[in-house]
Amino acid sequence: MKIMPNRMDRGFFKYQEEFENKAVEVLRSGWYVLGKEVSAFEEEFASYTGAKYCVGLASGLDALWIAFRLLNIGDGDEVIVQGNTYIASVMGITINGASPVFVEPDEHFGMNPNEIEEKITDKTKAILVTHLYGMASQMDKIVGICKKHNLRLVEDCAQSHGACFNGKMTGTFGDVGCFSFYPSKNLGAFGDAGAVVVNDENLAKEFKVFRNYGSEKRYYNKVVGANSRLDELQAGLLRVRLSHMQELTDEKVKIAERYSHEIKNEKIQLPTLAEGATCVWHQYVIRCEERDRLIDYLNAKEIGTIIHYPIPPHLAEAYRYLGHKEGFLPITEHLAKTVLSIPMYNGMTEEEQTYVINALNEFE
């Protein structure tokens with residue numbers, strides 16, 4: 001049996017007729033940029049998250065860097081961010097000229113609230129939280145720190161569509177919730193796509209102006225903006241998937257429950273959730289001190305895996321100028337050497353799940 005780490009085709013085939021009908025509908029409409037599909041998706045996704053407003057953008061990275069731009073965070077400012085995030089989180093900060101200040105994660109892969117306050121300086125303007133692998137972070141403590149120190153709060157929700165902390169959905173705790181709809185995400189498009197959710201009407205308007213060359217009225221440009229528009233076709237296809245989001249999430253939760261209950265190997269550490277947090281299982285990430293040997297073992301059984309992520313941002317060549325050396329973030333760096341994402345996707349059969357479970361349990 002050959003099992004890929006992710007399968008996007010099965011998510012398509014599950015609702016093939018709906019996707020194809022929507023694609024044809026959009027193509028026949030003759031309107032392909034900022035039309036009714038984008039407006040409808042923005043309303044529906046805002047409602048889904050519990051936010052007042054959603055603005056569709058071209059990618060999750062655009063959501064991040066434009067968020068910091070519109071929050072006026074730039075040269076000379078510092079943003080606190082967890083060290084084990086994907087590098088796009090950090091790029092959202094540095095594209096604007098601001099400096100990332102790294103903190104270690106907690107035992108659930110999220111930002112460790114106990115690490116934050118010691119890193120706050122008079123240059124600190126914001127905290128960027130990443131809800132990694134689909135797990136909601138400890139938002140009560142982080143929100144409290146932001147209020148105490150008058151800091152902006154941006155949430156990177158690229159992997160956490162639908163995850164909650166104490167019943168409140170990720171993306172709605174701070175000033176801006178940033179989402180990616182890259183095809184492999186739980187709410188995936190069929191190409192690049194992204195969005196922000198906000199509760200401030202004026203900020204939502206600023207996003208809409210900025211994404212469209214800084215123009216509110218065609219050919220009248222208020223600011224130097226960007227071309228970062230969620231297109232009509234992707235918006236329409238996202239609407240189809242969003243209408244099935246609960247079913248898709250429940251399916252992944254069920255697979256994760258099997259993994260958590262049935263994988264029993266002292267060499268493998270399973271993921272855990274913070275109290276009050278839910279997870280939508282964008283990835284199911286285990287830890288193993290003998291990861292390279294485990295990968296080779298699983299490859300021999302034709303079970304695919306992915307490392308999320310092998311090089312922490314502070315050690316990436318792109319951020320060499322920050323001057324961080326190996327050993328700067330020991331917990332983050334140890335995770336980079338031990339984490340492994342095992343197969344997790346909608347449409348994964350029980351037979352496939354059993355094969356993965358048995359293989360992991362038989363690893364010696």
Side-chain angles (χ1 to χ4, degrees), residues 1-8 82-89 104-112 130-137 156 158-160 163 182-186 252-274 277 279-316 326 329-349 352-364:
M1 183 178 294
K2 185 174 182 178
I3 303 178
M4 298 166 61
N6 194 9
R7 293 285 302 264
M8 287 172 276
Q82 65 205 66
N84 64 321
T85 187
Y86 180 52
I87 200 167
S89 307
E104 296 274 38
D106 61 17
E107 64 270 32
H108 315 290
F109 303 120
M111 177 179 279
N112 189 340
T130 302
H131 302 287
L132 204 62
Y133 309 142
M135 299 179 178
S137 301
D156 183 343
Q159 303 180 7
S160 67
Y182 185 75
S184 64
K185 307 300 185 187
N186 285 26
K252 279 197 162 186
V253 169
K254 187 176 179 180
I255 297 169
E257 287 176 346
R258 273 206 74 189
Y259 281 165
S260 295
H261 287 129
E262 297 181 33
I263 296 173
K264 299 180 186 299
N265 187 326
E266 61 183 14
K267 291 182 178 291
I268 295 171
Q269 184 174 337
L270 303 181
T272 60
L273 298 179
C279 183
V280 293
W281 303 105
H282 169 59
Q283 302 293 340
Y284 191 94
V285 181
I286 62 175
R287 296 175 61 189
C288 181
E289 296 295 329
E290 301 176 67
R291 183 182 66 189
D292 291 347
R293 193 167 69 83
L294 176 59
I295 291 173
D296 290 341
Y297 164 83
L298 292 173
N299 282 341
K301 292 182 174 290
E302 296 192 289
I303 297 174
T305 57
I306 302 175
I307 301 171
H308 292 99
Y309 301 98
I311 302 174
H314 72 281
L315 297 179
E326 192 165 350
L329 294 173
I331 296 174
T332 291
E333 292 164 25
H334 186 67
L335 286 176
K337 295 174 182 177
T338 58
V339 294
L340 188 66
S341 300
I342 62 175
M344 166 63 75
Y345 48 87
N346 290 113
M348 189 177 188
T349 67
E352 289 170 330
Q353 296 166 38
T354 299
Y355 185 71
V356 172
I357 292 166
N358 289 340
L360 289 168
N361 286 339
E362 292 165 7
F363 176 68
E364 296 180 349

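For the numbers below, each heavy atom of this structure counts, side chains included, while hydrogens, waters and symmetry mates do not.
The shortest heavy-atom contact between Leu273 and Met135 is CD2-CG, 3.7 Å. The shortest non-hydrogen separation linking His308 to Ile306 is CE1-CG2, 3.3 Å. Contact record, Gly83 with Pro313: O-CD, 3.3 Å, taken as the closest heavy-atom pair. Taking both residues in full, the closest heavy atoms of Ala136 and Ala277 are given as O-CB, 3.4 Å, listed atom of the first, atom of the second, then distance. Nearest approach of Ser137 to Gly110, heavy atoms of both residues: OG-CA, 4.1 Å.
Residues passing the side-chain hydrogen bond (donor to acceptor under 3.5 Å, both in side chains) test with Gln283, sequence neighbours excluded: none. Not counting sequence neighbours, the partners of Ser184 by the side-chain contact (heavy atoms from CB on, under 4.5 Å) test are Asn6, Met8, Tyr182, His282. Under the side-chain hydrogen bond (donor to acceptor under 3.5 Å, both in side chains) criterion, Tyr309 pairs with Gln159, sequence neighbours left out. For Pro105, the side-chain contact (heavy atoms from CB on, under 4.5 Å) partners are Asn84, Ile331, Thr332, Leu335, not counting sequence neighbours. Judged as a side-chain contact (heavy atoms from CB on, under 4.5 Å), and not counting sequence neighbours, the contacts of Asn112 are Asp106, Asn114, Glu115. In this structure Glu302 satisfies the side-chain contact (heavy atoms from CB on, under 4.5 Å) test together with Lys2, sequence neighbours excluded. In this structure, the side-chain hydrogen bond (donor to acceptor under 3.5 Å, both in side chains) partners of Glu289, at least two apart in sequence or on a different chain, are His334. Residues satisfying the side-chain hydrogen bond (donor to acceptor under 3.5 Å, both in side chains) test with Tyr133, not counting sequence neighbours, are none. With sequence neighbours left out, Lys267 forms a salt bridge (charged side-chain N to carboxylate O under 4.0 Å, His left out) with Glu290. With sequence neighbours left out, Arg7 forms a salt bridge (charged side-chain N to carboxylate O under 4.0 Å, His left out) with Asp9.
The CG atom of Leu298 sits 5.0 Å away from atom CD1 of Ile303, with the distance rounded to the nearest 0.5 Å. Between the CG atom in Leu132 and the CG atom in Asp156 there is a gap of 8.5 Å [rounded to 0.5 Å]. To the nearest 0.5 angstrom, Ile263 atom CD1 is 4.0 Å from Ile342 atom CD1. The distance from atom NE2 of His131 to atom NE2 of His108, rounded to the nearest 0.5 Å, is 14.5 Å.
Side-chain contact between Ile307 and Leu340 is present, with heavy atoms from C-beta onward closer than 4.5 Å. You'll find the side chain of Tyr284 reaches within 4.5 Å of the side chain of Leu270, heavy atoms only. In this structure, Arg291 and Val339 have side chains that are in contact, with non-hydrogen atoms separated by less than 4.5 Å. For the pair Trp281/Ile255, no side-chain contact is recorded, criterion being any heavy-atom separation below 4.5 Å from C-beta on. Looking at heavy atoms from C-beta onward, Cys279 lies out of side-chain contact with Lys252 at the 4.5 angstrom threshold. Taking the side chain as every heavy atom from C-beta outward, Pro343 and Tyr259 approach each other to under 4.5 Å.
Each salt bridge (charged side-chain N to carboxylate O under 4.0 Å, His left out) pair with one or both residues in residues 331-343, not counting sequence neighbours, appears once here: Glu326-Lys337.
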Determine all donor-acceptor pairs shorter than 3.5 Å in which one atom belongs to a side chain in residues 352-364; sequence neighbours excluded.
residue : atom : partner : partner atom : Å
Glu352  : OE1  : Arg10   : NH1          : 2.8
Glu352  : OE1  : Tyr345  : OH           : 3.3
Glu352  : OE1  : Thr349  : N            : 2.9
Glu352  : OE1  : Thr349  : OG1          : 3.3
Glu352  : OE2  : Arg10   : NH1          : 3.3
Glu352  : OE2  : Arg10   : NH2          : 2.9
Gln353  : NE2  : Met348  : O            : 3.1
Gln353  : NE2  : Thr349  : O            : 3.4
Thr354  : OG1  : Arg258  : NH1          : 3.2
Thr354  : OG1  : Arg258  : NH2          : 3.1
Thr354  : OG1  : Glu350  : O            : 2.9
Tyr355  : OH   : Lys301  : O            : 2.9
Asn358  : ND2  : Thr354  : O            : 3.4
Asn361  : OD1  : Lys264  : N            : 2.6
Asn361  : ND2  : Glu262  : O            : 3.0
Asn361  : ND2  : Ile357  : O            : 3.4

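Residue Tyr297 qualifies as enclosed at atom OH: its count of foreign heavy atoms under 6.0 Å is above 12.
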>> Evaluate Leu294 against Ile286 for side-chain contact (heavy atoms from CB on, under 4.5 Å), listing each step before the verdict.
In response: CA-CA 11 Å; Leu294 176 59; Ile286 62 175; 4.0 Å; yes

